[in-house]
Protein chains: 2
Amino acid sequence: MRRIAQPELDQIGRGCLAFQMRSLSRAISAIYDAALSEAGLKTTQFSVLVAVANRGAVRPGELARSLRMDESTLSRNVERMCARRWLRVEPGSDRRSRRIAITTNGIDLIRAAYPAWRRVQDQVANRLGSDGIAALKLLAQRLRHPVSNE
Amino acid sequence: MRRIAQPELDQIGRGCLAFQMRSLSRAISAIYDAALSEAGLKTTQFSVLVAVANRGAVRPGELARSLRMDESTLSRNVERMCARRWLRVEPGSDRRSRRIAITTNGIDLIRAAYPAWRRVQDQVANRLGSDGIAALKLLAQRLRHPVSNE
DNA sequence: ATACAATTATTGTATATACAAGATTTTAAA
DNA sequence: TTTAAAATCTTGTATATACAATAATTGTAT
């Protein structure tokens with residue numbers, strides 16, 4: 001088994017694309033979480049809340065696909081948000097499926113959190129610049145649609 | 001309190017920069033985790049392992065800063081990795097500080113995981129393209145160093 | 001009709017993450 | 001030197017995340 005040289009190790013550490021992306025995610029999430037904390041919720045919760053408000057009563061699986069989130073992850077998130085009366089789960093058309101709906105409390109919470117979200121969104125957008133925003137879009141596209149010729 | 005219109009809601013959902021970044025992080029982490037699972041570790045663990053191997057015995061706080069990770073987060077990660085005998089915590093110069101070191105097992109694990117990491121790194125790099133990689137770098141720079149004129 | 005496959009969602013278990021609150025130890029100030 | 005402040009880590013608590021396993025229901029093939 002070959003030895004891994006020191007310069008190579010350094011390249012691995014700083015060069016790992018997953019690490020870089022996770023690092024960015026942590027950084028940006030911290031900024032948003034700090035801004036949204038005054039409204040008493042987290043970034044992910046805000047996203048889920050808005051998604052449900054946007055789509056009306058929606059099946060868990062469908063919502064998870066839409067948010068590109070694992071079903072079980074969403075399930076746990078919804079669980080917490082139901083406990084807080086921001087969401088509500090109703091029986092679905094099928095007896096195995098369900099429908100997630102937003103409550104009046106949830107709608108109020110979106111309204112209450114919106115100013116803080118707007119501020120931080122503008123602030124971060126400024127910080128990233130238009131090319132930064134474009135960079136984000138590019139990455140999303142590349143990760144969603146793999147290049148065909150390989 | 002103003003009502004938030006439907007089109008605006010849609011913009012909030014898909015436009016939230018934190019949400020986009022988290023989504024990317026989930027996507028890329030899933031790819032790396034799948035590749036590294038054959039070696040029995042996760043992306044973050046690999047990063048921490050390599051960082052420690054790279055820097056030699058290092059203080060927790062220093063390592064956390066270097067990885068841009070919360071100290072408590074790192075502490076918990078190290079805890080798990082010590083339980084697996086990949087890392088070891090030694091007394092530091094100070095009686096309040098400590099030094100994290102990699103074990104022989106840890107070094108072996110890096111060697112064992114390296115081929116899988118190399119493969120997935122190349123695969124994702126291909127998928128992102130050189131401009132994708134550049135985009136990632138740009139974002140990191142913008143998030144680390146805020147634009148001065150605002 | 002019955003047995004098997006597919007759909008839909010939740011639970012078990014484990015890692016990742018971070019804020020706030022300790023617990024120790026050093027340093028600095030009075 | 002006694003005491004307050006700073007430094008350094010870990011722990012308490014909560015959320016985020018996902019893979020594998022389970023549970024329940026519906027659809028299908030024989």
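Letters go in sequence order (proteins before strands), and every chain restarts at 1.
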Write down the distance between CH2 (A:W86) and C1' (D:dT15), rounded to a whole number of angstrom.
11 Å

Closest to side chain of A:R76, choosing from C:dG12, D:dT10, D:dA16
C:dG12

Quick check against the 3.5 Å criterion: does B:S29 have a side-chain atom that pairs as donor or acceptor with the backbone of B:R26?
no

Side-chain N or O of A:R96 versus OP1/OP2 of C:dT10: is the shortest distance under 4.0 Å?
no

Could you check how far CZ of B:R22 sits from P of D:dT15, rounded to whole Å?
13 Å

Between B:R142 and A:D131, does at least one N-O distance fall below 4.0 Å, as a salt bridge requires?
yes

Counting the atoms with a prime plus P, OP1 and OP2 as sugar-phosphate, which does B:R84 contact under 4.0 Å by heavy atoms, base, sugar-phosphate, or nothing?
sugar-phosphate

Whole-Å distance separating the CG atom of B:L67 from the P atom of C:dA16
13 Å

To the nearest angstrom, how far is A:I100 atom CD1 from C:dT8 atom C1'?
12 Å

If you look at every strand shown and take non-hydrogen atoms under 4.0 Å, does B:D33 touch a base, only sugar-phosphate, or nothing?
nothing

Just by distance, do the side chain of B:S47 and the backbone of B:T43 share a donor-acceptor pair under 3.5 Å?
yes

To the closest 0.5 Å, what do you measure between OG (B:S66) and CD (B:E62)?
8.0 Å

Between A:Q45 (CD) and D:dT15 (P), how many Å, whole number?
7 Å

Pick base, sugar-phosphate or nothing for B:R65, based on heavy-atom distances below 4.0 Å to the nucleic acid.
nothing

Here's a test of your reading of the structure: between B:K42 and A:R98, which maps to the more 5' nucleotide of DNA chain C?
A:R98

Rounded to whole Å, the CG-P distance (B:N77 to D:dC9) equals 16 Å

Could you check how far CZ of B:R80 sits from C1' of C:dA16, rounded to whole Å?
6 Å

Would you kindly give the CG-to-P distance between B:D94 and D:dA6, to the nearest whole Å?
17 Å

Looking only at side-chain N and O atoms, does A:S75 come under 4.0 Å of OP1 or OP2 in C:dT10?
yes

Strictly below 4.0 Å: does A:S72 bring a side-chain N or O up to OP1 or OP2 of C:dT10?
no

Determine the contact category for A:T44: base if any of its heavy atoms lies under 4.0 Å from a base atom, sugar-phosphate if only primed atoms, P, OP1 or OP2 are that close, otherwise nothing.
sugar-phosphate

D:dT25 phosphate, OP1 or OP2, under 4.0 Å from A:R95 side-chain N/O
no

Considering non-hydrogen atoms only, spot the tightest contact between B:L36 and B:A113 and give its length.
CD2-O, 4.1 Å

Picking from D:dC9, C:dT17, C:dA9, the nucleotide nearest the side-chain atoms of B:T73 would be C:dT17

When rounded to the nearest 0.5 angstrom, what is the spacing between CE in A:M81 and OG1 in A:T44?
9.5 Å

By the Watson-Crick or G-U definition, both distances under 3.5 Å, D:dT30 is matched with C:dA1

If you check the A:M69 side chain, which of C:dT10, D:dA18, C:dA18 turns out closest?
D:dA18

